[in-house]
Number of protein chains: 2
Amino acid sequence: MTSVKRPGSGVTSFDVARLAGVSRSAVSRAFTPRASISKDARLKVFDAASQLGYRVNPVARALNQRRTDLVGMIVARMDNPFRASQIDALSRTLVRHGFRPMLFCIDEGLGTEQLLSLLLDYSVSGVVITSDAPPIEICNECARQQIPLVLVDRDDRLPFVDRISGDNVKGGRIAAETLIEAGRHKLVVLSPETAVYSITTRIDAFVACADEQDVPVDVLNVGTHNYEAGRDAAASIAERRHDEIGVFCPSDIIALGLLDALRVKHGIKIPGEMSLIGYDDIPQSGWEFADMTSISQPVASFADGIVGLLTERIANPQTPPRNELLDVMLIRRGTV
Amino acid sequence: MTSVKRPGSGVTSFDVARLAGVSRSAVSRAFTPRASISKDARLKVFDAASQLGYRVNPVARALNQRRTDLVGMIVARMDNPFRASQIDALSRTLVRHGFRPMLFCIDEGLGTEQLLSLLLDYSVSGVVITSDAPPIEICNECARQQIPLVLVDRDDRLPFVDRISGDNVKGGRIAAETLIEAGRHKLVVLSPETAVYSITTRIDAFVACADEQDVPVDVLNVGTHNYEAGRDAAASIAERRHDEIGVFCPSDIIALGLLDALRVKHGIKIPGEMSLIGYDDIPQSGWEFADMTSISQPVASFADGIVGLLTERIANPQTPPRNELLDVMLIRRGTV
DNA sequence: GTCCATTTTGCACACGTGTGCAACAGTTTT
DNA sequence: AAAACTGTTGCACACGTGTGCAAAATGGAC
């Protein structure tokens, strides 16, 4: 009847209440910050709880509150090391703030929209989206259920959806200025066909800055957003070696493909014959073979910023959409 | 009174039951495979459900079943591209099988043990661990709650814990054979101080295979498991260039550091002056600068194997611990 | 000691679902 | 036609928690 249950799962607030000699409500209140309960009662509850190994059941709590501690992360792919370290940092920061990160990669037949509505079923505390902007109907549904959405590196202005991104304009301008200062007066910028907001913004800022200084810029279209795209663009770039051009790749993963192929396949000296600057400052850019100048977006700031936007909107759901901009920094290495 | 609720959240099985003219139990049964319900009733329920936009509330279901669709993934760090792609594949495969992946990275004060007991609170369907083996008490607790655990690339034999790993013995032997076939009769293997099971197994198999063929092997200790460790080992390796040695790195991320530094800093020709073989076949190993021979562990097989072990143990919790071995494959490139 | 303001407590309901059990309908066997 | 059997259905309970509300307790002022 009054048998002591084994510590761990199976211990309910009722068991704790009985041992502590209080009502079950008191137990619930003891574990609820700012609840109406006396210091004395709370202490008795904590004592009994640790004695039994009691832990609040988050599922039951979620059913009651209609809200979980879960936060969804929707990501396209993780083959880009920048995304991987971003997710790594975000996951850690979320846990430190008491959230539980879920990871979803978009897949065959499972786009951002499907994954988002799947997350809605779980009454998540929020969703961080680094893939595509979801359709507006879903956003409205999220707003109605007061589920915060944070868009990373996307510019789509949606009702009640917060955005965060690096300062792509500043980054693009720094790239142009750095190349021009290095004496490159013919510029080239690689533009992936599948370019998203952050990429095009960098390119536009780069071109604008070059225009201001009357430096000609070629925009060279490449395939997708990966190493192979940069590598395959090398032949076209190699033709211009005599011009001592300065090349800007709006993403390190592309830049490394280009740099690698230019040196290995075409034997081009960098920065001797041309200069190159990338973006993201992924670890590989610091490797010996590359030693590539790049523009760094600190992943820790991303994580902090994202969680900040989430918690603020949870505290005050009616605030108008915010757009946070993170500072970027030039990392000088050996390709300029 | 009978007002139709807005589609989406807030629609309960009760609403569906009323519209379909059946009991609430029927709705529950309609969404439960192999439940006792007539074709006719199920159809009526589905019709009403789609009309209202009803979706089963997974939180309420979880509270009742004492089991979630969540599966925890505990990982050390994601800076190794192999781990990143492993998690990427695993996340996709889990979702395809109806699970919801949660991602936890071990952190300051949050080791495998803490994260695991945190996951227990959520009544997860299972946990995939790629960090450390958890203490046996936690494993017992998981067994008691019938929560399947899968250990990836770890050898710790624990009660009711399944394990999966690549065939590290085969991989290590292939490495040795390949180097010896290439005419290298002095071998070196890099051994990280922080080596875990999978790494040491590869090394042991490599050494054993060399011994069988009477080929001498030097074991060279390096620091941690990353690019910098390999890079810093280059000086020591460079001293032996006259021996035309064959080097095995039990992890590509280390191998690339070594390869990169050997070529760039010490100007050593590979495979001219020495041969090198890595492990994991991460994308960077196929890059131009590296063109590194490596041993591939297919991440897709890992994901499928893990989910297979999970589902089988969910179906039959009493099966003895299994140990699944995945085939590995030599990827011939230009460093041997 | 009385009265009022404030804090603390416990009851009871709600959150949305799965399922054992008994009742029931429909079909086959004797 | 009665009996036995198979397949469906609805009732009612359980899962473990948070919280509004009224009652009780506490503390202070007179």
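These figures come from a predicted structure and were not determined experimentally. Here is the naming used below: chain letters follow the sequence lines, and residue numbers restart at 1 for every chain.
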Enquirer: Please tell me which of A:R29 and A:F14 maps to the more 5' nucleotide of DNA chain D, matching each residue to the nucleotide holding its nearest heavy atom.
Expert: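 Mapping each residue to its closest nucleotide by heavy atoms, the 5'-most match is A:F14.
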Enquirer: Between A:D15 and A:R18, is the closest basic N to carboxylate O distance under 4.0 Å?
Expert: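 Looking at A:D15 together with A:R18, the answer is yes, because their closest N to O distance falls below 4.0 Å.
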Enquirer: Would you say the side-chain atoms of A:N64 pair up with the backbone N or O of A:R61, donor to acceptor, closer than 3.5 Å?
Expert: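 Such a contact is absent between A:N64 side chain and A:R61 backbone.
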Enquirer: For B:P321, give me all partners under side-chain contact (heavy atoms from CB on, under 4.5 Å), at least two apart in sequence or on another chain.
Expert: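 For B:P321, no residue satisfies side-chain contact (heavy atoms from CB on, under 4.5 Å) once neighbours in sequence are set aside.
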Enquirer: For A:N57 and B:A35, take the nucleotide of DNA chain D holding the closest heavy atom to each; which residue's nucleotide lies nearer the 5' end?
Expert: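 In this pair, the answer is B:A35.
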Enquirer: Which residue in the set B:L90, B:N80, B:T130 passes side-chain contact (heavy atoms from CB on, under 4.5 Å) when paired with B:V75?
Expert: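 Considering B:L90, B:N80, B:T130, a side-chain contact (heavy atoms from CB on, under 4.5 Å) with B:V75 is found only for B:T130.
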Enquirer: If you take all heavy atoms of B:L149 and B:I129, which pair is closest and at what distance?
Expert: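 Distance-wise, the nearest heavy atoms are CG-CD1, 4.3 Å.
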Enquirer: B:S38 near the nucleic acid: base, sugar-phosphate alone, or nothing, with a heavy-atom cut-off under 4.0 Å?
Expert: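 Answer is sugar-phosphate: B:S38 comes under 4.0 Å of backbone atoms only.
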Enquirer: State, to the nearest 10°, the angle formed by the axis through the first five base pairs of the helix from C:dG1-D:dC30 to C:dT30-D:dA1 and the axis through its last five.
Expert: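 Here the local axes at opposite ends form an angle of 40°.
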Enquirer: Between A:V196 and A:D153, is there a side-chain heavy-atom distance shorter than 4.5 Å?
Expert: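 A:D153 does not reach A:V196 side chain to side chain.
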Enquirer: What contact category does A:I37 fall into here, base, sugar-phosphate, or nothing, at under 4.0 angstrom with non-hydrogen atoms?
Expert: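 A:I37: backbone/sugar contact only, no base atoms under 4.0 Å.
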Enquirer: With a 4.0 angstrom cut-off to heavy atoms of chain B, pull out the first and last contacting nucleotide of DNA chain D, in 5'-to-3' order.
Expert: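 On DNA chain D, the outermost contacted nucleotides are D:dT8 to D:dG16.
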Enquirer: Would a 4.5 Å heavy-atom cut-off, applied to side chains only, mark A:L70 and B:M102 as touching?
Expert: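 A:L70 reaches B:M102 side chain to side chain.
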Enquirer: Checking all strands, does A:A41 fall into the base, sugar-phosphate, or nothing category for heavy-atom contacts under 4.0 angstrom?
Expert: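 A:A41: backbone/sugar contact only, no base atoms under 4.0 Å.
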Enquirer: For B:R313 and B:T319, indicate whether the former's side chain and the latter's backbone hold a donor-acceptor pair under 3.5 Å.
Expert: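 Checked: pair present.
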